[in-house]
Novice: 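Take this structure first; my questions come after.
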Amino acid sequence: MSLWHGTAKSPAGLVYFVFDESDQQLISARFDPRDIEGPARKSSPIHEAFAQYNDGALDAFDGVDVPDAKSAFNVNVYTAMRQIPPGSVQTYGELAARSGYSRAARAVGTACGRNEIVIVIPCHRVVASNGVGGYGYGVDTKVKLLVHEGAEGY
DNA sequence: CGTGCTGTACTGA
DNA sequence: TCAGTACAGCACG
């Protein structure tokens, strides 16, 4: 493990992220500085990806690798989640079905809430069937990201 | 409409 | 085990 961290602006505020140079994976990305590890860096491909995303290249994180989730359920859910195109949203129930667990909407909500890599794993694109749903850093944060991506109705 | 109950799948203690 | 979830659907009033 060879960790370093950095910060980057996003449409919803400053993001603090940790990167593992050994296996080229983004370990975490959060809207608060909790669990920061390693020395700071000012520039990197991750910094660049955020800059491009802010500029409107909404698919800038497609090439960013992340660690495998701890359980098969989470792997399936996060994989399906990253396939939601920018600018569109999916309900917790739809995402559950696409992940292979047709009635696990609530469990998907739990998995989203535990997501450690905001924006790159786009939990903000998962909404409730009757509204925007919740978000770990506040619904306003979620809405800012959706507006930036051009999702309709937010 | 809104509120509340219940089914459901997964997690962490 | 068991309680706790960033849900969904339906029954009531």
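A, B, ... follow the sequence lines: proteins, then strands. Residue 1 opens every chain. Computed over heavy atoms, backbone and side chain alike; hydrogens, waters and symmetry mates excluded. Everything numeric here is computed off the predicted structure, so don't read it as measured data.
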Novice: Side chain of S71(A), heavy atoms from C-beta onward: which of dA8(C), dT11(B), dT8(B) has the nearest atom to it?
Specialist: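 Comparing dA8(C), dT11(B), dT8(B) against the side chain of S71(A), the answer is dT11(B).
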Novice: Tell me the interatomic distance from Q90(A), atom CD, to dC7(C), atom P, rounded to whole angstroms.
Specialist: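 To the nearest whole Å, that distance equals 16 Å.
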Novice: If we count only N and O atoms by modelled type, under 3.5 Å, do the side chains of Y53(A) and E48(A) hold a donor and an acceptor together?
Specialist: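 Judged by distance alone, the side chains do not pair up.
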Novice: For dC12(C), what is the paired nucleotide under Watson-Crick or G-U wobble rules, both distances under 3.5 Å?
Specialist: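 dC12(C) is paired, partner dG2(B).
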Novice: Quick check: any donor-acceptor pair below 3.5 Å linking the side-chain of Y92(A) to the base of dA6(C)?
Specialist: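 Donor-acceptor pair under 3.5 Å: yes.
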Novice: Just how far, in rounded Å, is C1' of dC10(B) from CZ of R114(A)?
Specialist: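 Distance check: R114(A) CZ to dC10(B) C1' gives 10 Å.
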Novice: Would you kindly compare T110(A) and V127(A) by the position of their nearest DNA chain C nucleotide and give the one closer to the 5′ end?
Specialist: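 Taking each residue's closest nucleotide, the earlier one in sequence belongs to T110(A).
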Novice: Can you tell me the base-pairing partner of dC7(C)? Count Watson-Crick or G-U wobble geometry only, both distances below 3.5 Å, and say none if there is no partner.
Specialist: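 Here dC7(C) is engaged in a pair, and the nucleotide opposite it is dG7(B).
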Novice: Would you say the side-chain atoms of E94(A) pair up with the backbone N or O of T91(A), donor to acceptor, closer than 3.5 Å?
Specialist: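 Pair found, side chain donor or acceptor close to backbone of T91(A).
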Novice: Rounding to an integer number of Å, can you tell me how far K70(A) NZ sits from dG12(B) C1'?
Specialist: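 After rounding, the gap between these two atoms is 12 Å.
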Novice: Assign each of R106(A) and F73(A) to its nearest nucleotide of DNA chain B by heavy atoms, then name whichever residue's nucleotide is nearer the 5' end.
Specialist: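 Residue closer to the 5' terminus by nearest nucleotide: R106(A).
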Novice: Using atom CG of N76(A) as one end and atom P of dC10(B) as the other, report the distance to the nearest whole Å.
Specialist: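 Roughly 10 Å, once rounded to whole Å.
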Novice: Expressed as a whole number of angstroms, how long is the span from I117(A):CD1 to dA6(C):P?
Specialist: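 These atoms are roughly 19 Å apart.
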Novice: Rounded to the Å, how far apart are R103(A) CZ and dG9(C) C1'?
Specialist: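 In whole Å, dG9(C) C1' lies 13 Å from R103(A) CZ.
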Novice: Report the distance from atom CD of E94(A) to atom C1' of dC7(C), rounded to the nearest whole Å.
Specialist: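 Distance check: E94(A) CD to dC7(C) C1' gives 12 Å.
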Novice: Would you indicate what G133(A) reaches in the nucleic acid, counting non-hydrogen atoms under 4.0 angstrom: base, sugar-phosphate, or nothing?
Specialist: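 Counting heavy atoms under 4.0 Å across all strands, no contact is made by G133(A).
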Novice: Less than 4.0 Å between a side-chain N and a carboxylate O, is that true for R41(A) and E21(A)?
Specialist: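 Between R41(A) and E21(A) there is a salt bridge, with a charged N closer than 4.0 Å to a carboxylate O.
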Novice: For a quick test of reading the model: is some side-chain N or O of N74(A) closer than 4.0 Å to OP1 or OP2 of dT11(B)?
Specialist: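 For N74(A), the contact criterion (side-chain N or O under 4.0 Å from OP1 or OP2 of dT11(B)) is met.
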Novice: When the ring planes of W4(A) and F19(A) are compared, do they come out parallel, tilted or perpendicular, using 30° and 60° as the limits?
Specialist: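 Ring orientation of W4(A) relative to F19(A): tilted.
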Novice: Any base atoms under 4.0 Å from Y135(A), or only sugar-phosphate, or nothing? Heavy atoms, all strands.
Specialist: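 Base contact.
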Novice: Could you check how far CG of L95(A) sits from C1' of dT5(C), rounded to whole Å?
Specialist: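 Checked: the CG to C1' distance equals 16 Å.
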Novice: From the options dC10(B), dT8(B), dC7(C), select the nucleotide whose nearest atom is closest to the side chain of A105(A).
Specialist: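 It is dC7(C).
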Novice: Among the clusters formed by ILVMFWY side chains lying less than 4.5 Å apart, do L58(A) and M81(A) turn up in the same one?
Specialist: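 They do share one cluster, since a chain of ILVMFWY contacts under 4.5 Å joins L58(A) to M81(A).
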Novice: Within less than 4.0 Å of OP1 or OP2 of dC7(C), is there a side-chain N or O belonging to S129(A)?
Specialist: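 No.
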Novice: Quick one: label A107(A) by what it contacts on the DNA or RNA (base, sugar-phosphate, nothing), any heavy atom closer than 4.0 Å.
Specialist: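 Base contact - A107(A) has a heavy atom under 4.0 Å of at least one base atom.
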